[in-house]
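To start, the structure under review is shown below, and the notes come after it.
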Amino acid sequence: MSELETDAGAEPKPERRRAFAADARAYAASAAAKALWWGAAGVAARVLARPADASPPTFAAVAEPPPAGFVRRAWLSAFEKEAADVAAGLYPAMDDRPADPVTAIRRTADFIADAMAVEARRRRGDVAEVRAEAPSTYPAYYRQNFHFQTGGWFTAESASRYETQVEALFAGTAGAMRRRALSLLAKAWRTHDHRGVAVLDLACGAGAFLGDLGKAFPRARLIGLDLSPAYLAQAKANLPAAVFVQAKAERLPLADASLDAVACVYLFHELPPKVRPVVAAEIARVLKPGGRFAFADSIQPGDEPRMARLLEAFPAYFHEPYYAGYSRTDLPALFAAAGLRLVDADAAFLTKALLFERE
């Protein structure tokens, strides 16, 4: 069993509680430094790129702005929930900071410089710049500049820049938010023997969440699957012990009932409506009976109406063509139709997490 596990129904021993408390203090210091750094990087990028100077022509705000101070409190909740999980011993403190100051400065400078190109692309309305170069074997919905990002999902530069972009966008909370899904899975597996369990990170991207899974379940067999060779290469460089597969989420090259768990982070809001149930069915197909599906994606307006103004602006400013449909999707019903039963849920800041069980 993992070092983080305790006996079924037992409280952690005093020495473990002390170790978990020390982990929580280390996490708090790391999270504060990370939030300050990436928050400042995001502010710098916005000051230079000035997106507010050119509102999207088709966007008109409908929802009321969030109450004063609410967004900051919601932002802090992501760190508070993660600190509580670390203190409880659900998983170790995750350090999402760059490895060293030189790397941090280099990544930040690259991000800020690219932010200017991203903003120029947004103002031109160029949402398919990559389509001219991306092979036609990829689905049409995939051959776009999601978020107006340089290179779409197709270049090594995009893959190396992605984590910096999302951390700066969410002021250092990207890792903490997506780990709400890890929290749900870790709670469900707290007394579970992890030796040899097969865990798939579907649409693993550059591998950040796959790395979190590996730290939480060090004896598990990790598989990362993504459609982008560039992102898979980045993930493999970071996690050489994992197995990586290039494939579509809607056609998984995996056997029926072959996995103990599937995780999927920030994929479904980028899928066309017709593709979502296909991917849900594939997830259910590859899970063993009783297997778990840990889902993380954007909150929906009904989850937190006070965030509705931010959510309605997001697809307009970041080219998310399928986000509006996602925001109206009944997610429990979508996955129930595939044979996945909702068993737990959580949320922090702008991310919701759901845990399903294969029936």
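Here the structure is a predicted model, which means the values were calculated and not measured. In what follows, every heavy atom counts, from backbone to side chain, and hydrogens, waters and symmetry copies are set aside.
Partners of R124 under the salt bridge (charged side-chain N to carboxylate O under 4.0 Å, His left out) rule, at least two apart in sequence or in another chain, are D126, E129. In this structure, the side chain to side chain contact (heavy atoms under 4.5 Å, CB included) partners of D297, at least two apart in sequence or on a different chain, are Y266, F268, H269, F295, Y326. With sequence neighbours left out, A156 forms a side chain to side chain contact (heavy atoms under 4.5 Å, CB included) with no residue at all. Listed by chain and number, the residues in a salt bridge (charged side-chain N to carboxylate O under 4.0 Å, His left out) with R50 are D53 (sequence neighbours excluded). Contacts of D226 classified as salt bridge (charged side-chain N to carboxylate O under 4.0 Å, His left out), with partners at least two apart in sequence or in another chain: none. Checked against salt bridge (charged side-chain N to carboxylate O under 4.0 Å, His left out), E163 has the following partners two or more places apart in sequence or in another chain: R178. In this view, S55 and Y317 satisfy the side chain to side chain contact (heavy atoms under 4.5 Å, CB included) rule, not counting sequence neighbours.
Closest approach of D260 to W189, counting heavy atoms only: O-CZ2, 3.7 Å. Closest of all the heavy-atom pairs between L90 and A186 is O-CB, 3.6 Å. Contact between N145 and G151 at its shortest, heavy atoms only, is ND2-N, 4.0 Å. Between Q165 and D114, the closest heavy-atom pair is NE2-OD2, 3.4 Å. When all heavy atoms are compared, the tightest approach of A188 to R292 is CB-NH1, 3.4 Å.
Among the candidates V265, I223, L252, the single residue satisfying the side-chain contact (heavy atoms from CB on, under 4.5 Å) test with L202 is L252.
Taken together through direct or relayed side-chain contacts under 4.5 Å among Ile, Leu, Val, Met, Phe, Trp and Tyr, V118 and W153 form parts of separate hydrophobic clusters. Taking hydrophobic clusters as Ile, Leu, Val, Met, Phe, Trp and Tyr residues chained together by side-chain heavy-atom distances below 4.5 Å, V71 does not share a cluster with V43.
Ring geometry for H194 versus F217: interplanar angle over 60°, hence perpendicular rather than tilted (30 to 60°).
Pairs of residues two or more places apart, or lying in two chains, that qualify as salt bridge (Lys or Arg N to Asp or Glu O under 4.0 Å) and include a residue from residues 200-212 are R179-D212. Residue pairs meeting the side chain to side chain donor-acceptor pair (under 3.5 Å) criterion with at least one member in residues 57-79: none, sequence neighbours excluded.
You'll find the side chain of M94 reaches within 4.5 Å of the side chain of L182, heavy atoms only.
Within a 6.0 Å radius of CD in E133, no more than 12 heavy atoms belonging to other residues, nucleotides or ligands are found.
A donor and an acceptor atom, one from each side chain of S158 and Y231, are located under 3.5 Å apart.
Taking Ile, Leu, Val, Met, Phe, Trp and Tyr as members and joining any whose side-chain heavy atoms lie under 4.5 Å apart, directly or through other members, the hydrophobic cluster of L48 also contains F111, I112, M116. When hydrophobic residues (I, L, V, M, F, W, Y) are linked wherever their side-chain heavy atoms come within less than 4.5 Å, L36 remains an isolated member.
Remark: aromatic rings of F148 and H319 are close, center separation under 6.0 Å. Checked against the 6.0 Å centroid criterion, the rings of F293 and F335 qualify as a close aromatic pair.
Between the side chain of R358 and the backbone N or O of V286 there is no donor-acceptor pair closer than 3.5 Å. Panel note: side chain D303, backbone Q300; a donor-acceptor pair is recorded below 3.5 Å.
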Side chains of residues 336-348: which donor-acceptor pairs under 3.5 Å do they make with residues two or more places apart or in other chains?
| residue | atom | partner | partner atom | Å |
| --- | --- | --- | --- | --- |
| R341 | NH2 | E357 | OE1 | 2.7 |
| D346 | OD1 | K81 | NZ | 2.6 |
| D346 | OD2 | R180 | NH1 | 2.9 |

